[in-house]
2 protein chains.
Amino acid sequence: MDPSPQLLDRAFFALADPTRRAIIERLAEGPATVGELARPFDMSLPAISKHLTVLERARLIRREREAQRRLCSLEPEGLRPALHWMERAEAFWTESLDRLTGYLSQEQEELSHGTGRNARKKPKGRRKGKV
Amino acid sequence: MDPSPQLLDRAFFALADPTRRAIIERLAEGPATVGELARPFDMSLPAISKHLTVLERARLIRREREAQRRLCSLEPEGLRPALHWMERAEAFWTESLDRLTGYLSQEQEELSHGTGRNARKKPKGRRKGKV
DNA sequence: GGTCTAGTTAACCGAACAGTTAAATAGGAG
DNA sequence: CTCCTATTTAACTGTTCGGTTAACTAGACC
């Protein structure tokens, strides 16, 4: 079900660079050649080519020959794995935050009651649940 | 509106590591100390501490002193910027893919109708590359 | 053939990363 | 105060990253 974690690594890694994100945004407007993609950036062609390789290995884009050019386009399902991970995480996140909120407001109450620093006497419910 | 791109860089970068993702997943079950977070990993404590620093600089988690321990918890809005970027990208993505699909089927139709209006160079050379 | 265009590969470099061990720090407990 | 626990900081190391320039490859065009 979960794709190979490496793919997730690569996808997130690929997205961690502003140039690569810009390339993706540009590609969302439609396929483009390497040269077209490179133009807006103040960077050598080989540098762009490397970025494309990173995106390609992350399965976010595809490059195919067309005459002497190479046409780059988004890989249809490319974003899915990463997006899926994030959405799942976000669900847990919110859930966790809800739990935490109860806990925080309790602490805040204690703080505003003038217990100075640390006042951390919350029942340390060490939950061990596995999901 | 868009958060500083650096934050996006850091968030995606932080998520690009399986250890860090695992830490986040674990943290989604509730706050934990550094030691607790470290236990499941076959890695030194300082290494985990560094990962936590990365997550913290990406605003994905928070660390706060509690006696001599440090309690780590998810940062409430942490995932938002990255998630938002991805969702926006995904929208364009699909849109782009739709356009592309339409274009392709249109071309195919024209081909089968034999109308010479396809200003396209030539059909794809069946390239035998690796996939 | 030669040349022009489009892009990649190779070799290199400094900076950042991911891990290590050893020492330092902060606070609780005896 | 001393010791113990929890964690960070420091210093070091090998690897990867992101960029460069120079050389190579692939195909179009004359």
Side-chain angles (χ1 to χ4, degrees), chain A residues 5-6 9-24 27 31-58 60-73 116-121 124 126, chain B residues 5-6 9-23 27 31-58 61-73 119-130:
Chain A
Q6 283 184 47
D9 295 2
R10 287 177 188 164
F12 281 126
F13 179 79
L15 295 177
D17 184 282
T19 303
R20 289 192 293 257
R21 284 199 306 276
I23 288 176
I24 282 182
L27 241 28
T33 68
V34 177
E36 286 167 353
L37 289 174
R39 195 151 22 247
F41 302 103
D42 187 18
M43 203 179 291
S44 70
L45 218 39
I48 298 293
S49 189
K50 282 187 182 181
H51 281 306
L52 292 176
T53 302
V54 171
L55 288 165
E56 200 172 31
R57 296 214 336 145
L60 293 178
I61 70 163
R62 205 186 327 174
R63 270 188 289 193
E64 43 190 325
R65 267 221 119 80
E66 183 199 319
Q68 68 277 64
R69 281 171 239 110
R70 263 171 214 254
L71 201 61
C72 306
S73 47
R117 172 146 174 52
N118 87 3
R120 177 179 290 289
K121 39 186 89 147
K124 188 138 179 255
R126 188 219 288 296
Chain B
Q6 287 181 49
D9 295 2
R10 288 178 187 161
F12 281 126
F13 178 80
L15 295 177
D17 184 282
T19 303
R20 288 190 295 254
R21 283 199 308 277
I23 287 176
L27 241 28
T33 67
V34 177
E36 285 167 352
L37 289 175
R39 191 146 27 242
F41 303 101
D42 186 19
M43 203 178 293
S44 69
L45 221 37
I48 297 293
S49 189
K50 283 187 181 179
H51 281 305
L52 293 175
T53 302
V54 171
L55 289 165
E56 198 172 33
R57 296 214 334 146
I61 71 163
R62 205 185 328 173
R63 270 187 289 195
E64 44 190 322
R65 267 224 117 77
E66 181 202 320
Q68 68 277 66
R69 282 171 237 112
R70 261 172 215 253
L71 200 62
C72 306
S73 47
R120 214 57 181 140
K121 312 268 164 359
K122 92 177 205 167
K124 19 199 76 194
R126 292 277 174 252
R127 196 172 157 67
K128 217 173 128 310
K130 24 190 16 184

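We use all heavy atoms of the structure for the numbers below, so side chains are in, but hydrogens, waters and symmetry mates are not. Keep in mind the model is a prediction, meaning the values are calculated, not measured. Lettering of chains follows the sequences in order, A, B, ..., and the numbering in each one begins at 1.
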Heavy-atom check, side chain of A:R10 versus side chain of A:L60, under 4.5 Å: no
Whole angstroms only, please: what is the [atom1]-[atom2] distance between [X] and [N]?
X: B:L71; N: C:dA26; atom1: CG; atom2: C1'; answer: 16 Å
X: A:I48; N: D:dT21; atom1: CD1; atom2: P; answer: 14 Å
X: A:E66; N: C:dA6; atom1: CD; atom2: P; answer: 13 Å
X: A:R69; N: C:dT5; atom1: CZ; atom2: P; answer: 13 Å

Protein-to-nucleotide contact annotation, 5' to 3' order, nucleotides 9-21 of chain C [B base; S sugar-phosphate only; - none; under 4.0 Å, heavy atom]: B-B-----SSBBB
End axis versus end axis in the helix from C:dG1-D:dC30 to C:dG30-D:dC1, the angle rounded to 10°, five pairs used at each terminus: 10°
Selection residues 46-58 of chain B - residue pairs positive for salt bridge (charged side-chain N to carboxylate O under 4.0 Å, His left out), sequence neighbours left out: B:E56-B:R63
Those residues that, when tested against A:A11, pass side-chain contact (heavy atoms from CB on, under 4.5 Å) (two or more places apart): A:A82
Results of side-chain contact (heavy atoms from CB on, under 4.5 Å) for B:V34 - residues two or more places apart only: B:L45, B:I48, B:L52, B:R70, B:C72
Using distance only, find each side-chain donor-acceptor pair of residues 35-44 of chain A under 3.5 Å and give its atom names and separation, not counting sequence neighbours.
unit_1	atom_1	unit_2	atom_2	d
A:E36	OE1	A:T33	N	3.0
A:S44	OG	A:A47	N	3.4

B:R70 side-chain proximity, nearest of D:dT8, C:dG7, D:dG27: D:dT8
